[in-house]
Every structure is written in structure tokens, then in C-alpha cells.
Amino acid sequence: SNPHRILQDPPGMHNHYPAWSHDMKWIYVVRGREPGLNMDLWRIPLDGGPPEQLTTFERFISHPTPIDDRNVLYIGKDQNGCGPWLWAFDPEEKVSRRLTTGTEKYSSVSAALHGHRLIASVIAPEATLWSVPIPRNGRIVEESAVKPYEMPSARALMPRFGRKSLFYLSSQGCNDGLWRIPLDGGPPTEVLKAPLLEPPAVSRDEDAVVVRRNGKKNLFLIPADGSQKRTLASTVEVRGAPAFSPDGKWIATGGNDGTVDGLFKIPLDGGLPVSLVAGPASNPVWSPDGSVIAYVGRNERARQPVYLVRSDGTAEPSPLGIDVGADGWRMQFLDDNHLIYMKGLQGAQDFWMLNLTTHKQDLLTKLDRSAIMTTFDITPDRTALVFDRLKNNSDITLIEPR
């Protein structure tokens with residue numbers, strides 16, 4: 001009967017997992033610009049005062065769960081990208097401690113009244129690659145056409161093709177690094193050990209650009225010959241995944257140059273970034289002829305509209321009338337006139353194709369709802385889609401604190 005706003009946030013900020021404090025004076029939230037990626041724990045006073053930032057992690061955290069005045073439980077990764085584990089935060093001392101010492105990973109936690117019992121989701125995640133042929137002549141392919149994309153490692157996700165290799169994320173330890181495997185056979189090699197959360201950009205010469213986290217997100221170029229990586233455009237704080245231009249001379253990325261959010265072209269010869277679009281922009285992909293770039297705009301209700309802009313910046317961006325989920329990297333050009341994209345709710349994705357001339361949308365697949373899909377790429381011969389499927393394999397665990 002008496003609703004009132006307790007926080008007025010600028011556009012682009014997200015507040016998730018609201019939870020009452022034990023004394024009912026605060027609302028705890030996970031807050032930041034990239035849900036699931038760079039977030040921190042905050043609390044908001046009910047009297048309408050300014051929000052208080054409690055942590056400076058800038059990494060994945062979720063499910064703040066106050067159990068008393070000195071302990072707020074939450075799920076989160078550590079500074080090395082390992083986890084997510086179960087933690088407790090002391091809002092008075094501003095310190096966190098990990099509550100579990102085993103290898104169990106968690107995806108959620110909840111507490112009974114007064115915190116005398118906890119319930120948590122314990123996960124055993126797996127990630128695998130799959131392929132499906134691109135249908136022609138208006139056909140729709142079913143789940144029966146989907147085949148495993150055989151990989152030498154048990155875990156593989158976020159595929160990106162070069163001319164001769166497949167790049168992907170995998171791990172031998174607690175977090176995912178960058179790997180490559182020759183398409184004509186041969187063993188995989190680890191390209192970068194750094195914990196990565198986005199797919200790499202790969203050039204025609206198989207140079208790779210990846211995003212690492214050092215307080216803020218920067219682009220790192222890793223030459224194909226394995227020589228020393230170098231930073232690109234350190235003035236731009238990157239958002240989302242980058243993309244190489246077809247001629248290998250530019251990197252397109254969303255981000256902020258210290259003054260404004262936008263879409264930027266970054267030259268590989270060391271020149272200054274070129275602003276193409278002002279405003280929220282991320283996850284660009286180039287057309288094969290390099291003339292246009294498709295990208296996604298502001299995240300609204302876990303959906304992002306798709307726009308098209310000329311790569312020379314000579315025209316204003318135009319909306320394409322489609323949107324994609326905000327929890328992945330979900331589009332690629334098949335050719336200069338057709339954009340393939342993933343459409344549907346999380347865990348219920350199918351592939352669609354947009355004709356850029358007629359704006360006709362065609363359904364390409366009807367897949368089982370068996371796993372989370374985050375991204376895909378198109379094989380070099382342009383005949384099939386290779387995509388990842390992620391399963392958390394969750395169990396529910398009862399925890400009685402000592």
C-alpha cells in the first residue's frame with residue numbers, strides 16, 4: 001500500500017538477488033554492470049540513503065544470504081577464478097572467508113529462519129561441443145541431426161574457428177584457459193592459462209585476442225607464432241567478446257573509453273581506438289566482406305536488441321528487429337546477407353537466420369531442451385554450426401552449521 005523507491009540507478013547498472021538483512025534495516029544486493037561476471041556485494045538502507053559498496057571483487061558472486069548480524073553468506077569465485085564456492089562476509093569487518101574447503105562447487109544457497117539450517121545447490125558442471133548441419137531451402141533440422149563434436153578433452157566450450165584450427169576454452173585445473181587444436185588432426189595445445197569467461201576473437205592468420213581481468217578488462221593479442229602477448233588499447237575497458245575484422249587489421253569491441261560507453265574499432269598497428277557507436281554496445285560480429293558490424297545493445301530484462309552499423313562509421317546504427325539472450329554470445333554471419341543467431345530462453349535455445357535484405361526470419365533448428373547453450377561458430381566450409389552445451393548436474397544439499 002505504500003511502495004517507495006530506495007535506489008535510483010543510472011542506466012546500465014544491475015541489481016540482483018535482493019535479500020533482507022537480519023535486523024531488517026538493509027537490503028543486500030549483488031550489483032554491477034555485467035550480471036554473472038563483474039559484480040560486487042552492496043547494501044541499501046531502507047531509509048533511502050546512498051547504497052554502500054561492501055566488496056571490490058569485480059567477479060562472479062550471487063545469492064547473498066544474511067544469517068545473523070555478522071554473517072552474510074554468498075556464492076562466488078575466488079581471485080583466481082576458481083569455484084564458485086560458499087563464502088561468508090562480515091559486513092562490519094568487511095572481510096570474506098571461504099566456508100568450505102573441499103572441491104564442491106555451488107550455484108545457490110538459502111537459509112532457514114535464524115540461519116540454523118542451510119540449503120544449497122551443489123554442482124558438477126560439464127561442458128561439451130556439438131554440431132548440427134545448416135539446413136537449406138527452408139528445412140528445419142531436428143535434434144536427431146545433432147552430433148557430438150569430438151574433442152580430446154572432457155571439457156570444451158566457446159568454440160571459435162581459425163582457418164586451420166579450432167580455438168576453445170577448457171581447463172585442467174579450476175578455471176578455463178584458451179586452447180587450440182588442428183582441424184586436420186593432432187594434439188591440442190594450451191595457448192593461455194589465464195582464467196577466461198568470454199570466447200576469443202580469432203583472425204584469418206590465427207592470431208587470437210582474449211579478454212583478461214586485471215581490475216578492469218583489457219584486450220590481449222596472442223600472435224599465432226606463440227610470441228609475447230601484448231595489450232591492445234589499454235584506454236578502453238572492454239565489455240563482452242571482441243571480433244577481428246576479415247582483413248585482420250582491426251578489432252571491434254564494446255566498452256568504455258573513460259568518457260562514454262560505445263562500440264570501438266581498435267587498430268592492430270597501435271593507433272588510437274575509433275568510436276563507431278555511442279551508448280551500450282557489446283559482442284560485435286563482422287560481415288565477411290567487412291562492410292558492416294552487427295552488435296547488441298542495452299541489456300533489458302535479460303534480452304539485448306541487435307543493431308547493424310557500417311564499419312566505416314558513415315551511417316547511424318539501425319535496429320534489426322531481433323533480440324538475443326544477454327547471457328551468451330549468440331550470433332554469427334553466414335554470408336554478407338544472412339545472420340544466424342540463437343533465440344529463446346536460457347536452456348531453450350534454437351538457431352534462426354535473418355535475411356538482411358528482406359528481414360525475413362527463418363527457424364533453422366528444433367533442439368531438445370537438454371542443456372544451457374552460450375555460443376556457437378560456423379565451420380570454415382560454412383556447412384555446420386558448432387555450439388557448446390553446459391550442464392550443472394545439480395544436487396540439493398542440507399547443511400547444518402556447527
Side-chain angles (χ1 to χ4, degrees), residues 7 13-45 51-127 171 173-176 194-197 212-217 327 372 390 392-402:
L7 176 65
M13 289 296 292
H14 288 259
N15 298 275
H16 296 276
Y17 309 107
W20 290 97
S21 66
H22 193 256
D23 59 11
M24 306 295 283
K25 295 180 179 180
W26 303 83
I27 298 291
Y28 288 94
V29 295
V30 173
R31 186 168 182 253
R33 288 190 175 273
E34 293 183 275
L37 297 177
N38 286 358
M39 305 292 279
D40 273 295
L41 183 64
W42 294 63
R43 63 182 180 182
I44 305 166
E52 179 185 357
Q53 184 170 357
L54 301 175
T55 68
T56 55
F57 297 149
E58 292 192 341
R59 56 179 181 257
F60 169 78
I61 63 172
S62 69
H63 294 85
T65 305
I67 59 173
D68 56 38
D69 291 338
R70 297 297 298 270
N71 289 281
V72 180
L73 307 188
Y74 66 92
I75 304 298
K77 294 191 174 184
D78 65 17
Q79 66 271 20
N80 297 316
C82 300
W85 317 123
L86 181 61
W87 302 77
F89 178 80
D90 184 334
E92 301 303 322
E93 298 291 335
K94 304 293 192 297
V95 294
S96 290
R97 68 185 190 280
R98 184 177 163 188
L99 294 185
T100 53
T101 58
T103 60
E104 295 89 357
K105 297 182 178 182
Y106 294 81
S107 63
S108 67
V109 63
S110 183
L113 185 63
H114 304 306
H116 67 281
R117 276 189 167 185
L118 306 176
I119 200 83
S121 298
V122 179
I123 60 176
E126 61 178 289
S171 61
C174 67
N175 49 53
D176 292 313
L196 302 176
L197 295 175
R212 290 186 63 184
R213 300 178 185 281
N214 294 323
K216 69 175 185 177
K217 297 167 62 176
D327 47 9
I372 296 170
L390 288 70
N392 274 333
N393 302 316
S394 300
D395 290 319
I396 303 299
T397 300
L398 180 66
I399 304 172
E400 298 193 34
R402 294 176 181 176

- Steps toward side-chain hydrogen bond (donor to acceptor under 3.5 Å, both in side chains) verdict (Asp40, Thr55): CA-CA 6 Å; Asp40 273 295; Thr55 68; 2.6 Å; yes

- Query: Between Trp20 and Ile27, does a side chain to side chain contact (heavy atoms under 4.5 Å, CB included) hold up when you go through it step by step?
  - Reply: CA-CA 5 Å; Trp20 290 97; Ile27 298 291; 3.6 Å; yes

- Test log, rule side-chain hydrogen bond (donor to acceptor under 3.5 Å, both in side chains), inputs Asn392 and Ser394: CA-CA 5 Å; Asn392 274 333; Ser394 300; 4.9 Å; no

- Item | Trace of the side-chain hydrogen bond (donor to acceptor under 3.5 Å, both in side chains) decision for Tyr106 with Thr397 | CA-CA 10 Å; Tyr106 294 81; Thr397 300; over 6 Å; no

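Within the 4.5 Å cutoff, no side-chain heavy atoms of Ile119 are placed close to those of Ile399. By the 4.5 Å heavy-atom criterion applied to side chains, Pro66 and Trp26 are not counted as neighbours. The shortest side-chain heavy-atom distance between Leu86 and Ile75 falls under the 4.5 Å cut-off. Contact of the Thr65 side chain with the Val72 side chain is not registered, since no non-hydrogen atoms from C-beta on lie closer than 4.5 Å. Annotation: side chain of Pro125 is not in contact with side chain of Leu390 (no heavy-atom distance under 4.5 Å). Residues Pro91 and Tyr28 have side chains in contact (heavy-atom distance under 4.5 Å, counting atoms from C-beta outward). Between Phe89 and Pro64, the closest side-chain pair of non-hydrogen atoms is not below 4.5 Å. Between Ile67 and Arg117, every side-chain heavy-atom pair lies at or beyond the 4.5 Å cut-off.
Evaluation of the side-chain hydrogen bond (donor to acceptor under 3.5 Å, both in side chains) rule for Gln53 yields no partner, not counting sequence neighbours. Residues satisfying the side-chain hydrogen bond (donor to acceptor under 3.5 Å, both in side chains) test with Asp78, not counting sequence neighbours, are none.
Among His16, Arg59, Glu58, the single residue meeting the side-chain contact (heavy atoms from CB on, under 4.5 Å) criterion with Met39 is His16. The residue from Lys25, Arg31, Arg43 that alone fulfils the salt bridge (charged side-chain N to carboxylate O under 4.0 Å, His left out) condition with Glu52 is Arg43.
The OG atom of Ser107 sits 11.0 Å away from the CG atom of Asn393 when rounded to the nearest 0.5 Å. Separation of atoms CG (Asp68) and OG (Ser21) is listed at 11.5 Å; rounding is to 0.5 Å. Taking CG of Asp90 as the start and OG of Ser96 as the end, the distance is 9.0 Å to the nearest 0.5 Å.
The shortest non-hydrogen separation linking Val30 to Ile61 is CG1-O, 3.6 Å.
For Arg98, the CZ atom counts as densely surrounded, since its 6.0 Å shell holds more than 12 non-hydrogen atoms of other residues, nucleotides or ligands.
Between Tyr17 and His63, the distance from one ring center to the other falls under 6.0 angstrom.
The disulfide (SG to SG under 2.5 Å) pairs that include a residue from residues 58-88 are Cys82-Cys174, where partners are two or more places apart or lie in different chains.
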